[in-house]
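Just so we're clear, the structure is a prediction, and the values are computed from it rather than from any experiment.
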Amino acid sequence: LKEENTILRNKINKLQILSETQADKMRKLEKKLEENKIKEEKEAQDLEAMVQHVEQNLQLMTKRAAKAENSAAKLRQENAQLQAELRNSRLENEALRAGQAGLAVAKQNAEVALQHLLQVTTSSRASIRQLLSGAESLQLVADLLKSIDRIAEVSEDGQ
């Protein structure tokens with residue numbers, strides 16, 4: 001009976017040691033789980049902040065693109081007006097040449113109209129470049145938003 005008692009005590013001791021080991025493992029796993037939860041929450045917050053930043057940039061770029069479009073439309077209209085003035089100046093110039101009266105004034109008017117036309121053309125090109133740049137930026141933001149969706153999908157699949 002003593003021998004059996006000793007064997008049972010040894011088994012109890014081994015079981016207690018095993019239980020303590022498993023309890024330690026359990027505590028470590030719980031701690032790691034909590035750390036992972038905190039890490040995931042931080043990543044989610046960071047991702048949300050990035051999405052908000054991208055949305056703000058998208059709104060800003062949309063406004064800039066709208067302004068650029070309005071500016072381009074105004075410049076096109078001004079360009080058309082100046083081209084009409086240039087045509088009128090040319091017609092006037094031709095009429096003056098035919099009549100040999102006021103040729104110098106007509107040339108000067110045509111030159112002024114031409115200078116205005118060149119300025120508007122240069123300005124129009126710059127506005128169109130700006131509009132294209134805004135469109136490229138919007139495309140970049142759209143691509144970034146697509147990749148954020150993929151990151152979120154991969155994150156959900158990984159859980």
How far does [atom1] of [X] sit from [atom2] of [Y], to the nearest 0.5 angstrom?
| X | Y | atom1 | atom2 | value |
| --- | --- | --- | --- | --- |
| Asn57 | Arg64 | CG | CZ | 9.5 Å |
| Gln16 | Thr21 | CD | OG1 | 11.5 Å |
| Leu140 | Glu136 | CG | CD | 9.5 Å |
| Leu86 | Asn109 | CG | CG | 11.0 Å |
| His116 | Gln119 | NE2 | CD | 6.5 Å |
| Ser133 | Leu138 | OG | CG | 9.5 Å |

Subject >> Glu35, CD atom: more than 12 neighbouring heavy atoms under 6.0 Å >> reply: yes
Give every donor-acceptor pair under 3.5 Å between a side-chain atom in residues 68-82 and any protein atom, sequence neighbours left out.
{"from": "Asn70", "atom 1": "ND2", "to": "Ala66", "atom 2": "O", "distance (Å)": "3.4"}

Original post:
What salt bridge (Lys or Arg N to Asp or Glu O under 4.0 Å) pairs are there with at least one residue in residues 4-25, not counting sequence neighbours?
Top reply: Asp24-Arg27
Original post:
Would you say Val112 and Leu91 are hydrophobically clustered, going by side-chain heavy atoms of ILVMFWY under 4.5 Å?
Top reply: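 Different clusters.
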**OP:** Using the rule that two of Ile, Leu, Val, Met, Phe, Trp, Tyr join whenever any of their side-chain heavy atoms come within less than 4.5 Å, decide whether Val54 and Met61 are in one cluster.
**Re:** yes
Original post:
Do Leu29 and Leu33 pass the side chain to side chain contact (heavy atoms under 4.5 Å, CB included) test, and can you show the C-alpha distance, the side-chain angles, and the key distance before you say yes or no?
Top reply: CA-CA 6 Å; Leu29 287 174; Leu33 178 64; over 6 Å; no
**OP:** Verify whether one side chain among Gln56 and Gln52 offers a donor that lies under 3.5 Å from an acceptor in the other.
**Re:** no
Subject >> Close side-chain approach of Glu55 to Val51, heavy-atom, < 4.5 Å >> reply: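 They are in side-chain contact.
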Original post:
Would you say Thr122's side chain and Leu118's backbone share a donor-acceptor pair under 3.5 angstrom?
Top reply: yes
Original post:
Gln139 and Asp143: side-chain hydrogen bond (donor to acceptor under 3.5 Å, both in side chains), yes or no, with the steps?
Top reply: CA-CA 6 Å; Gln139 182 63 45; Asp143 292 343; 3.0 Å; yes
